[in-house]
Novice: 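Have a look at the structure that comes next, please.
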Amino acid sequence: MNEADSELAAADFAARGYELTDDLKKADAVVVNTCTVRQQAENRALSQLGRLEGWKAARPGRKLFVIGCAAERLGFGTLRHKFPFIDGVIGAKALDGLSEELDKHLPPAGDGTGPTAGGETAPASIFSSPLSAYVTVMRGCSLKCTYCIVPSVRGPAAFLPEEEVLQQVRRRVDSGAREIVLLGQTVNAWREGERRFEDLLDSISSVPGVLRLRFMSPHPLYFTPAWLRAYAENPAIARHLHLPVQSGSDRILKAMRRGYTAAEYLGTLAKIRKADPDTVFSTDFIVGYPGETAADFEKTLDLVRAGRFGFAFCFKYSPRPGAPAKDAPDLSSPCGDITDREMRDRLARLLEEVKITGRDIFTERIGRIEEVLVESARRGKTSSNFNCRLDRECAPGALVRVEVTGAGKTELSGKVLP
Ligand code: SAH
Ligand code: SF4
């Protein structure tokens, strides 16, 4: 989501005739997009800001902007107090205001009459392949998972109207995108009047030029029988789903207010696998939620074995100001009842378990026929989200059928079928 917001910010600059550069020395402006979902992410953003002091001082006229969730949480006052050289702060709820902020601080690049100066520019795909484009379909979140700061910094859920989403999709396809990645905190909860998420997927995949659709992150509570039917019938929907579970212990899931039990979560995976047995899942876990016992943690390991994930992001619990769990009684020490050492041990064991099943899922692709979206002459990505090396050159942007012949360390290799 932050990557998508960074692309929107880049488009605001492009509309003023500015270009992106990887070279800090050349930059006239820097935008630091901050995350606050865990304290470590926020710390990283703040130390990045600290490092920019010298850059800012080296040439007069340079501008430094801070956007995103830590900007929202800390606000202009706190950030300017810590880093007096910052020019502008635009919190996650007010990203639409970036353009106005830039007007205050930046002259148009060049003589201001360039082809894009003053106009509108579609966001470029900066973070993934140019063939893949993020499209935000909802902002904020209205669930109340107790560990989570997102609703407080991004606000309640708001769904973008279908027409607006389709307009964005068409613009991205016109600039070369073939894969669309829909974004939202509970993306599959999308609705507008009678229209539901599966209707949105169908209308996007019928836009000429859209070859593949991904979305992130769906929430286990919002998979309906109608969605499952659409998934089974619409091959444009990628066969990889990132479905965060957080824990395998019902006690912890309840304390987190996730709204499902481990068995219900696994039941959802089973239903999706029934709609397409080839689906690859990935997930998120939090270890060391306040009160998590060794027995709770064992249940998480059981869930890894039963769920069979291609990969998983595993996080140590991080208490967040503004998240409901911050006020839970057992949060007197920074990590509740669990020592930091135990937390690290659990994280290491979890990562090990995830690696074992992940490797199995990866090597099981050998012998299968996969649909690959070609990204460069000899490389592409399978619908199940694995990188794949091709045995012959293909046109970037094409969908080809590939027989998987090998599984290396990080990518598959395959034979392109006629
Ligand atoms: N909306 C998504 C998750 C968004 S946050 C969902 O509910 O599925 C991305 C991930 O960060 C979460 O899935 C969770 O694993 C992790 N996370 C969020 N808050 C956290 C915290 N306080 N400590 C540790 N991990 C956290
Ligand atoms: Fe919303 Fe829960 Fe996801 Fe946080 S973890 S964004 S509260 S669904």
Side-chain angles (χ1 to χ4, degrees), residues 1-5 34-44 68-70 72-73 92-93 136-159 181-190 197 214-223 241-249 252-260 264-265 268-269 281-292 297 300 303-304 307 309 311-328 330-331 334-336 338 340 343-344 346-347 350-351 354:
M1 188 138 280
N2 274 15
E3 290 179 353
D5 287 349
T34 59
C35 176
T36 188
V37 78
R38 287 170 299 281
Q39 187 60 43
Q40 201 192 4
E42 186 176 297
N43 295 349
R44 219 179 308 143
C69 292
E72 181 71 44
R73 185 178 97 70
K93 283 181 194 157
T136 297
V137 305
M138 77 175 284
R139 299 205 166 271
C141 181
S142 290
L143 294 192
K144 295 192 167 51
C145 306
T146 49
Y147 50 82
C148 185
I149 196 174
V150 171
S152 102
V153 285
R154 285 197 178 260
F159 301 114
V181 186
L182 304 178
L183 298 178
Q185 295 297 349
T186 53
V187 67
N188 54 338
W190 183 92
F197 189 57
R214 299 187 186 279
F215 51 88
M216 220 171 35
S217 290
H219 192 290
L221 289 180
Y222 300 102
F223 286 109
L241 296 176
H242 184 72
L243 190 53
V245 61
Q246 317 302 355
S247 169
S249 154
I252 297 296
L253 287 169
K254 191 164 177 213
M256 288 176 164
R257 284 202 221 125
R258 285 293 290 182
Y260 51 81
E264 282 163 352
Y265 176 89
T268 301
L269 295 196
F281 290 96
S282 57
T283 194
D284 293 346
F285 289 105
I286 296 176
V287 296
Y289 184 82
E292 183 191 79
F297 177 68
T300 293
L303 188 129
V304 174
F309 302 101
F311 66 92
F313 296 114
C314 305
F315 305 108
K316 286 201 276 181
Y317 171 69
S318 168
R320 306 307 294 129
K326 188 68 180 63
D327 306 320
D330 52 356
L331 246 181
C335 21
I338 303 133
D340 199 43
M343 190 112 102
R344 264 184 287 136
R346 285 182 196 176
L347 188 66
L350 179 58
L351 288 168
V354 164

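First listed ligand is number 1; within each ligand, the first listed atom is number 1. None of the values given here were measured: they were computed from a predicted structure.
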Novice: With a cut-off of 4.0 Å, which atoms of ligand 2 are near a heavy atom of Gln185?
Specialist: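 So the atoms of ligand 2 that pass are 6 (S).
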Novice: Near Lys316, which atoms of ligand 1 are under 4.0 Å from a heavy atom of that residue?
Specialist: 23 (N), 24 (C)
Novice: Taking ring pair (Phe, Tyr, Trp, His ring centres under 6.0 Å) as the criterion, tell me which of Tyr222, Phe215, Trp190 meets it with Phe197.
Specialist: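 Checked Tyr222, Phe215, Trp190 against Phe197; only one passes ring pair (Phe, Tyr, Trp, His ring centres under 6.0 Å): Phe215.
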Novice: Enumerate the atoms of ligand 1 whose separation from the nearest heavy atom of Arg320 is less than 4.0 angstrom.
Specialist: 22 (N)
Novice: With sequence neighbours left out, what residues match Arg344 under salt bridge (Lys or Arg N to Asp or Glu O under 4.0 Å)?
Specialist: Asp340
Novice: Take the angle between the ring planes of Phe311 and His242 and call it parallel below 30°, perpendicular above 60°, tilted in between.
Specialist: parallel
Novice: Can you list the atoms of ligand 2 that are under 4.0 Å from a heavy atom of Val150?
Specialist: 6 (S)
Novice: Mind checking whether Arg258 has a heavy atom under 4.0 Å from ligand 2?
Specialist: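 Yes, that is the case, since the closest heavy atom of the residue is under 4.0 Å from the ligand.
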Novice: Select the closest option to atom 2 (C) of ligand 1 among Gln185, Gln40, Arg38, Gln246, judged by heavy-atom distance.
Specialist: Gln185
Novice: Can you check whether Leu183 reaches Val137 side chain to side chain, under 4.5 Å on heavy atoms?
Specialist: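 Contact flag for Leu183/Val137 side chains = no.
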Novice: Evaluate the ring planes of Phe313 and Phe315, with Trp represented by its six-membered ring, and classify them as parallel (under 30°), tilted (30 to 60°) or perpendicular (over 60°).
Specialist: parallel
Novice: Heavy atom under 4.0 Å from ligand 2: found in Pro244's side chain, backbone, both, or neither?
Specialist: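 Neither; no heavy atom under 4.0 Å.
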Novice: Is there an N/O/S atom in Cys141 at a distance below 2.8 Å from atom 1 (Fe) of ligand 2?
Specialist: yes
Novice: For ligand 1, which atoms, with element, lie under 4.0 Å from some heavy atom of Pro244?
Specialist: 8 (O), 13 (O)
Novice: For ligand 1, is there an atom lying under 4.0 Å from some heavy atom of Ile286?
Specialist: yes
Novice: So does Cys145 have any N/O/S atom less than 2.8 Å away from atom 2 (Fe) of ligand 2?
Specialist: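 Checking atom 2 (Fe) of ligand 2 against Cys145, an N, O or S atom does fall under 2.8 Å.
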Novice: Any idea which protein heavy atom is nearest atom 5 (S) of ligand 1, and the distance to it?
Specialist: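 Result: Val37 CG2, 4.0 Å.
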Novice: Considering Phe285, Phe315, Tyr317, which one's heavy-atom position lies nearest to atom 25 (N) of ligand 1?
Specialist: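 Answer by nearest heavy atom: Phe315.
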Novice: Under 30°, 30 to 60°, or over 60°: which ring-plane class applies to Phe309 and Tyr265, parallel, tilted or perpendicular?
Specialist: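 Taking Tyr265 first and then Phe309, their aromatic rings sit tilted (interplane angle of 30° to 60°).
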Novice: Do Arg320 and Gln39 get their side chains close enough for a donor-acceptor pair, meaning under 3.5 Å?
Specialist: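 Judged by distance alone, the side chains do pair up.
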Novice: Which protein heavy atom lies closest to atom 22 (N) of ligand 1, and at what distance to 0.1 Å?
Specialist: Ser318 O, 2.7 Å
Novice: Using a strict 4.0 Å cut-off to heavy atoms of Arg258, name the atoms of ligand 1 that fall inside it.
Specialist: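 Taking each heavy atom of Arg258 in turn, ligand 1 has 6 (C), 7 (O), 8 (O) under 4.0 Å.
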